[in-house]
2 protein chains.
Amino acid sequence: MRSLSRALEVFAELQRAERPQRLSDLARTCGMSLPTTLRILRVLQDFGMVSQTDKSYRIGPAVLPAARSYLENDPLVVSARPVLQQVAAQTGLTVSLYTRLGFERILVARVDGASPLTYDLPLGKRLPLTVGAAGKILLASATDEELQQVTAAAIAAGQEAPTFTVEQLRARLPEPGIEYAYSADERATGVLSVAVAVPNRAGRPSESIALTSPVETATEPALKAAVPELRRAAGRLAELLQGSVY
Amino acid sequence: MRSLSRALEVFAELQRAERPQRLSDLARTCGMSLPTTLRILRVLQDFGMVSQTDKSYRIGPAVLPAARSYLENDPLVVSARPVLQQVAAQTGLTVSLYTRLGFERILVARVDGASPLTYDLPLGKRLPLTVGAAGKILLASATDEELQQVTAAAIAAGQEAPTFTVEQLRARLPEPGIEYAYSADERATGVLSVAVAVPNRAGRPSESIALTSPVETATEPALKAAVPELRRAAGRLAELLQGSVY
DNA sequence: AATAACCTTTCATTGTATGAAACTAAACTC
DNA sequence: GAGTTTAGTTTCATACAATGAAAGGTTATT
């Protein structure tokens, strides 16, 4: 399925670029010939996944129904909503659900607490695994090899300095036996966060739930005191997922 | 690019289904062999466009960053926001921006007025072209052939009864020379709406702006009185689009 | 336990994806 | 505004990737 992989590369590159791209740019960045790139763009355009104006290509409107379909129908997101709401109600803090995608994590659901963290809801935001409680907890049970890949990916994505090493990463991760991660001023200054992983019947977890708070509102002990509550929520979510028809 | 087209068919079918699909279902619905369908799903899964649990496939989380990228970077959406906000402020009504995708339209931006229409913001919702002011105005300059296709597509999508005809559709559309469309109780009962098209340098328009109001809040004459304001907004948006770097 | 339905892999064949090259259009230079 | 460079598009021969039939394996059903 080479052509399909290449098409998805082009599609990913259009997202990464964050601005309209010319045919030759895309061909160069994705390492393929002009005719091939052009043919791929034409098909993507037929389906609305890509738009064109003059000589510039960008992501097209068809991604919106797709995202809507995901948010409304995905068992993870659907099951999580009531669970997150309950935690937000009990703690008064903002609760977020992340899912791992490649070597990053994506915010897929969020329920604001009493003091909302941000005005906008950055659903779909790509964040590093190396930074922030919700990222680090997903790496807690990772192998050395995987940490190596994560490190390389984070550097390549510009999320970490070129000097970043696996040792530095490991130092941030929770110690063995600790089933939550904590972060302060890591991803954003003035923000504290604890996160637990959503258990996964087999294999390492790819989802995490985080409690986040501005430093003025909560303290480290207060956040850590909420960890049992968070764990229960994660457990409940895992059960819901088992039960769902999938 | 047959394999790419087929992959996008599978992807579209997963959205249409609105629930996890099995391999054999997808193969049958999309009219392709099991091995081919499986190979497509595997590649889509590698990129996060599709998720799998046990034997069920569904839309994957990678669509969220894509949608986010669209909403944050697309010149249409970005340019429209201040324009819609101004109209909402001046009229106190909900203002929506739709774009055409195939034989449907998609809500890509909305700014609520004084009396919000709905609590949730159904961004990315697919709606028919045959119903509602914002759909009909996009068909105002359509050829007979195109109306025929639209009619067939609406019946196929279950948006119109099987007995629906081009004549019935034409009767709903604005008369020649009228540059706005009006609807009452068409798409939703108790909802009035006027819409104008966003002018397009060449070719027929594919975007429209609508003012919507519950029947209790506004009357037909009141809505129609806002049409000049709407037209100015559409013109301003068109200018912004010309000017943007694209 | 037996049967059926479904999923996955293998493999030979075809057809489609591919890039070089030629061509055209646009942008830039002077 | 003519000449030159760069970018986009089309054509075409070739190779290889996409394909489905068939076999094998797995899970569900009876």
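Hydrogens, waters and symmetry mates play no part in the numbers below; they use all other heavy atoms, side chains included. First the proteins, then the strands, lettered A, B, ... as listed; each starts at 1.
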Checklist entry - Is a side-chain donor-acceptor pair under 3.5 Å present for B:Q52 with B:Y57? => result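 Per modelled atom types, B:Y57 and B:Q52 side chains form a pair under 3.5 Å.
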Atom pair distance, as rounded to whole Å: [atom1] in [X] and [atom2] in [N]:
X     : N      : atom1 : atom2 : result
A:D25 : D:dT6  : CG    : C1'   : 12 Å
B:D54 : D:dA28 : CG    : C1'   : 13 Å
B:L4  : C:dT18 : CG    : C1'   : 14 Å
B:M1  : D:dC16 : CE    : P     : 16 Å
B:Q52 : C:dC6  : CD    : C1'   : 13 Å
B:L38 : D:dA18 : CG    : P     : 14 Å
B:I40 : C:dT16 : CD1   : P     : 14 Å
B:L34 : C:dC7  : CG    : C1'   : 8 Å

Next on the checklist: Tell me whether the count of non-hydrogen atoms from other residues, nucleotides or ligands lying under 6.0 Å of CZ in B:R231 goes above 12.
Outcome noted: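 No, not enclosed.
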Next on the checklist: Please pick, from C:dT8, D:dA18, D:dG8, the nucleotide with the shortest atom-to-atom distance to any side-chain atom of A:S24.
Outcome noted: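 Among the listed nucleotides, the one closest to the side chain of A:S24 is D:dG8.
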Next on the checklist: Nearest to the side chain of B:R6, heavy atoms from C-beta on, is which of C:dA17, D:dT19, C:dG19?
Outcome noted: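 Ranking C:dA17, D:dT19, C:dG19 by closest atom to the B:R6 side chain puts D:dT19 first.
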Checklist entry - Does A:R16 have any side-chain hydrogen bond (donor to acceptor under 3.5 Å, both in side chains) partners at least two apart in sequence or in another chain, and if so, which? => result A:E13
Next on the checklist: Using a 4.0 Å heavy-atom cut-off, does B:R42 contact any base of the nucleic acid, only the sugar-phosphate backbone, or nothing at all?
Outcome noted: sugar-phosphate
Tabulated below should be each protein N or O lying under 3.5 Å from an N or O of nucleotides 20-29 of chain C; please produce it.
none

